[in-house]
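Working notes for the structure below.
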Amino acid sequence: MSTAFPSADAVLARLRAVRIVPVITIDDPDDAVPLARALSDGGLSCAEITFRTPRAPEALHRITTEVPDLFAGAGTVLTPEQAAQARAAGAQFIVAPGLNPRVADYCTTEGIPFYPGVATPSDVETALEHGLTMLKFFPAEPMGGLSFLKAIAAPYVDVSFMPTGGINASNVASYLAFKRVVACGGSWMAPADWISGKQFDRIRDEARRATELAGGKMPAVAV
Ligand code: 3PG
């Protein structure tokens, strides 16, 4: 079930095109495909499946095999073992809330696009030591939001960011307007209780609103 990873540049181009990465927490793998279709029907062709629930790898695998047009990655990957599980489930990228050097080394060795969370200049420099230049800014709003991100981005001119944490329909457009932001992550269009409550129409409608905020229907970009 292992999948070859697309190039890091191709993945970055795809993230630049999708602009919004739904951050998904899913308990029941049976909800995975209806959820993926709801996001896709709403114009969001991407999802980060967080490895916070025991059956997340199975949910991710269901999406990558049954809804292959959705650009799917794994989130909250805290160990190399989880990274290997994500790879086996068909993840096209891996995200984490922080920078675990063992996960970074595993992903670099395996050629897996890895976007670790950073919140300080020292975090950014640790990421640069690992050759990582596309970073999740987390938790974005509690850390100080866009003004903090602009300040932290200024010295590191080759670094791009994916802010996540507290982003929603009312502030996403301002983050996306900052040129150093590739895409924004967030759970607001598909919170865990909507998924477990099977409110897929509601998720589709909120995804559609998010799509409009990000500038309209996301172009399909092959990886
Ligand atoms: C994450 O894991 O990236 C965040 O928990 C998502 O943050 P949000 O729920 O505030 O969007």
Side-chain angles (χ1 to χ4, degrees), residues 3-23 46-52 71-87 91-167 171-172 174-186 214 221 223:
T3 311
F5 276 81
S7 78
D9 285 350
V11 173
L12 201 56
R14 181 82 189 250
L15 285 173
R16 263 187 219 291
V18 301
R19 305 244 72 197
I20 293 179
V21 177
V23 175
C46 184
E48 173 191 321
I49 308 303
T50 60
F51 276 31
R52 294 177 198 178
F71 185 52
T76 324
V77 172
L78 306 181
T79 64
E81 293 72 23
Q82 286 182 319
Q85 279 185 314
R87 171 171 211 162
Q92 292 181 289
F93 59 91
I94 288 178
V95 183
L99 203 168
N100 177 330
R102 291 195 309 127
V103 175
D105 288 343
Y106 174 89
C107 290
T108 304
T109 303
E110 297 293 320
I112 305 172
F114 175 49
Y115 309 127
V118 297
T120 68
S122 295
D123 292 344
V124 175
E125 293 189 25
T126 304
L128 289 171
E129 284 292 300
H130 285 273
L132 302 168
T133 56
M134 159 65 177
L135 309 174
K136 168 173 169 164
F137 170 48
F138 178 79
E141 282 291 298
M143 283 305 298
L146 185 56
S147 63
F148 184 96
L149 175 59
K150 285 183 172 171
I152 203 177
Y156 307 110
V157 294
D158 294 327
V159 176
S160 303
F161 294 92
M162 178 164 66
T164 308
I167 296 185
N171 59 15
V172 67
S174 60
Y175 279 98
L176 291 175
F178 180 36
K179 283 199 171 72
R180 305 284 294 282
V181 168
V182 168
C184 286
V221 177
V223 289

Next on the checklist: What I'd like to find out is whether the side chain of V77 reaches to under 4.5 Å of the side chain of T50, using heavy atoms alone.
Outcome noted: no
Checklist entry - Mind checking what makes side chain to side chain donor-acceptor pair (under 3.5 Å) contact with E129, not counting sequence neighbours? => result none
Item to check | N/O donor-acceptor pair under 3.5 Å between R180 side chain and V159 backbone | outcome: yes
Item to check | Side-chain heavy-atom pair V95, F93 within 4.5 angstrom cut-off | outcome: yes
Item to check | Residues V103, L78; criterion side-chain contact (heavy atoms from CB on, under 4.5 Å); working and verdict | outcome: CA-CA 7 Å; V103 175; L78 306 181; 5.9 Å; no
Checklist entry - Is a side-chain donor-acceptor pair under 3.5 Å present for T76 with R52? => result yes
Next on the checklist: Within the structure provided, determine whether V23 and E48 are in side-chain contact (heavy-atom separation under 4.5 Å).
Outcome noted: yes
Checklist entry - Between SG of C107 and CD1 of I94, what distance do you get to the nearest 0.5 Å? => result 4.0 Å
Checklist entry - Taking only residues two or more places apart in sequence or in another chain, which ones pass side chain to side chain donor-acceptor pair (under 3.5 Å) with Y106? => result none
Checklist entry - Are F178 and F161 near enough that their ring centres are under 6.0 Å apart? => result no
Item to check | Heavy-atom donor-acceptor pair, N171 side chain to G166 backbone, under 3.5 Å | outcome: yes
Next on the checklist: Are I20 and C46 packed together at the side-chain level, in the sense that at least one heavy-atom pair is separated by less than 4.5 angstrom?
Outcome noted: no
Item to check | Close side-chain approach of P163 and V181, heavy atoms under 4.5 Å | outcome: yes
Checklist entry - Got a sec, which residues hit side chain to side chain contact (heavy atoms under 4.5 Å, CB included) with A47, two or more places apart in sequence or on another chain? => result I24, L39, I49, L70
Item to check | Counterpart residues, side chain to side chain donor-acceptor pair (under 3.5 Å), relative to T126 (two or more places apart) | outcome: none
Checklist entry - How far does SG of C184 sit from CZ of R19, to the nearest 0.5 angstrom? => result 7.5 Å
Checklist entry - Are the side chains of L15 and V21 in touch, meaning some heavy atoms are under 4.5 Å apart? => result yes
Next on the checklist: Holding to side chain to side chain contact (heavy atoms under 4.5 Å, CB included), I want the full list of residues that pass it with T120, two or more places apart in sequence or in another chain.
Outcome noted: S122, D123
Next on the checklist: side-chain contact (heavy atoms from CB on, under 4.5 Å), that's the test. Do H130 and L99 meet it? Break it down for me.
Outcome noted: CA-CA 10 Å; H130 285 273; L99 203 168; 4.1 Å; yes
Next on the checklist: Which heavy atom of G111 sits nearest to which heavy atom of P113, and what is that distance?
Outcome noted: O-CD, 3.6 Å
Return a table of donor-acceptor pairs under 3.5 angstrom between the side chains of residues 131-145 and protein atoms on other chains or two or more places apart.
| residue | atom | partner | partner atom | Å |
| --- | --- | --- | --- | --- |
| E141 | OE2 | Y175 | OH | 2.5 |

Next on the checklist: Which heavy atom of F114 sits nearest to which heavy atom of A96, and what is that distance?
Outcome noted: CE1-CB, 3.8 Å
